[in-house]
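Just the heavy atoms: all of them, side chains too, but no hydrogens, waters or symmetry mates, feed the values below.
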Amino acid sequence: SVHELHNESIDLSISINDIVKTIPDTFKVKVNTMLESAVPNDVKSAMIAITKEAVTNIVKYSNGDKVRVDVIENNTFWRLSIEDNGKNKKHEYSGGSIGEGEGIGLSNIFTRCSALDGRANISADENGFKVVCTIPIRK
């Protein structure tokens, strides 16, 4: 029950902002959170882990200078979007199909999102790297 109380006390917006504070000052960072209701603990945990993974990849590999993180609540879903403006070769990861040598982190994003009946899309091209995870709101 102590763990449950701790999980209830976690504020998703604050956690996301704490994660992006680890991004070097060479990036201009914008965070937008639009949450109307309490986010369930499993969704919060997944979004925090996905944000950490995406931010880690951006810090390690991006040649861009901007990062944007959006957490939006709709009537039927939550959407987490993390993107940069780095230049990349075109690559689309969908349905959890991660190629050999692509890393376990991207695969974990798909796993976390699908565990909540959600859908993830990860892409890279000349406009940047982008992770979008959409998770349905369970009524």
Side-chain angles (χ1 to χ4, degrees):
S1 62
V2 171
H3 288 289
E4 192 62 32
L5 286 173
H6 171 72
N7 290 342
E8 290 292 330
S9 70
I10 294 172
D11 182 288
L12 183 58
S13 295
I14 292 171
S15 295
I16 297 291
N17 278 287
D18 286 346
I19 293 165
V20 301
K21 286 178 186 173
T22 66
I23 298 173
D25 291 340
T26 54
F27 290 92
K28 181 180 178 194
V29 180
K30 180 164 172 68
V31 177
N32 177 36
T33 55
M34 295 176 57
L35 301 168
E36 300 291 324
S37 57
V39 180
N41 293 336
D42 56 348
V43 175
K44 279 193 280 192
S45 294
M47 286 189 175
I48 290 167
I50 290 166
T51 302
K52 285 180 183 176
E53 183 59 44
V55 164
T56 297
N57 281 353
I58 289 170
V59 169
K60 279 184 176 178
Y61 304 116
S62 179
N63 58 10
D65 62 355
K66 294 180 184 162
V67 177
R68 181 178 174 100
V69 179
D70 293 306
V71 184
I72 308 295
E73 179 183 349
N74 188 301
N75 289 335
T76 58
F77 61 84
W78 289 282
R79 176 169 291 138
L80 171 63
S81 174
I82 304 120
E83 61 186 291
D84 74 6
N85 66 337
K87 305 289 184 219
N88 302 286
K89 63 180 181 176
K90 188 170 175 79
H91 201 107
E92 183 87 18
Y93 308 94
S94 60
S97 60
I98 302 295
E100 180 96 18
E102 294 288 351
I104 196 163
L106 296 179
S107 180
N108 284 341
I109 290 172
F110 285 110
T111 300
R112 290 180 190 282
C113 202
S114 66
L116 297 167
D117 298 322
R119 190 177 67 238
N121 184 281
I122 303 172
S123 61
D125 61 22
E126 67 280 352
N127 297 313
F129 170 74
K130 186 171 187 176
V131 173
V132 178
C133 182
T134 305
I135 300 170
I137 294 175
R138 298 176 292 240
K139 300 281 179 176

Quick one, [X] and [Y] - any side-chain contact, counting heavy atoms below 4.5 Å?
X	Y	result
Met47	Trp78	yes
Asn88	Asp125	no
Val132	Lys130	yes
Ile10	Ile48	yes
Val59	Ile23	yes
Val71	Val39	no
Lys28	Val67	no
Ile82	Ile58	yes

Salt bridge between Asp42 and Arg138, side-chain N to carboxylate O under 4.0 Å?
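So Asp42 pairs with Arg138 through a salt bridge.
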Would Val55 and Thr22 satisfy side-chain contact (heavy atoms from CB on, under 4.5 Å), going step by step from the backbone distance to the final call?
CA-CA 8 Å; Val55 164; Thr22 66; 4.1 Å; yes
Determine the minimum heavy-atom distance between [X] and [Y], stating which atoms define it.
X	Y	value
Ser37	Glu73	OG-OE2, 2.6 Å
Pro136	Gly118	CD-CA, 3.8 Å
Arg68	Asn32	NH2-ND2, 4.1 Å

Whether the side chain of Asp84 engages the backbone of Gly128 through a donor-acceptor N/O pair (distance < 3.5 Å, no angle test) should be reported.
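Answer holds: no.
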Taking atom [atom1] of [X] and atom [atom2] of [Y], what is their separation to the nearest 0.5 Å?
X	Y	atom1	atom2	result
Cys113	Ile50	SG	CD1	5.0 Å
Ile137	Asn74	CD1	CG	7.0 Å
Ile19	Ile14	CD1	CD1	12.0 Å
Leu35	Ile16	CG	CD1	9.0 Å
Glu126	Lys90	CD	NZ	6.5 Å
Leu116	Cys133	CG	SG	7.5 Å

Step by step, would you call Val69 with Leu80 a side-chain contact (heavy atoms from CB on, under 4.5 Å)?
CA-CA 7 Å; Val69 179; Leu80 171 63; 4.2 Å; yes
Whether over 12 other heavy atoms sit under 6.0 Å from Phe77 CZ
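Yes - once you tally the heavy atoms of other residues, nucleotides and ligands closer than 6.0 Å, there are more than 12.
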Would you please test Asn108 and Phe110 for side-chain contact (heavy atoms from CB on, under 4.5 Å) and show each step?
CA-CA 5 Å; Asn108 284 341; Phe110 285 110; over 6 Å; no
When clusters are formed by joining ILVMFWY residues with side-chain heavy atoms under 4.5 Å apart, either directly or through shared neighbours, do Phe27 and Val31 land in the same one?
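Linked, Phe27 and Val31 end up in one cluster.
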Arg119 side chain to Thr134 side chain, donor-acceptor N/O pair below 3.5 angstrom
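Judged by distance alone, the side chains do not pair up.
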Does either side chain, that of Asn127 or that of Asn85, offer a donor lying less than 3.5 Å from an acceptor on the other one?
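No pair is found: no donor N or O on one side chain lies under 3.5 Å from an acceptor on the other.
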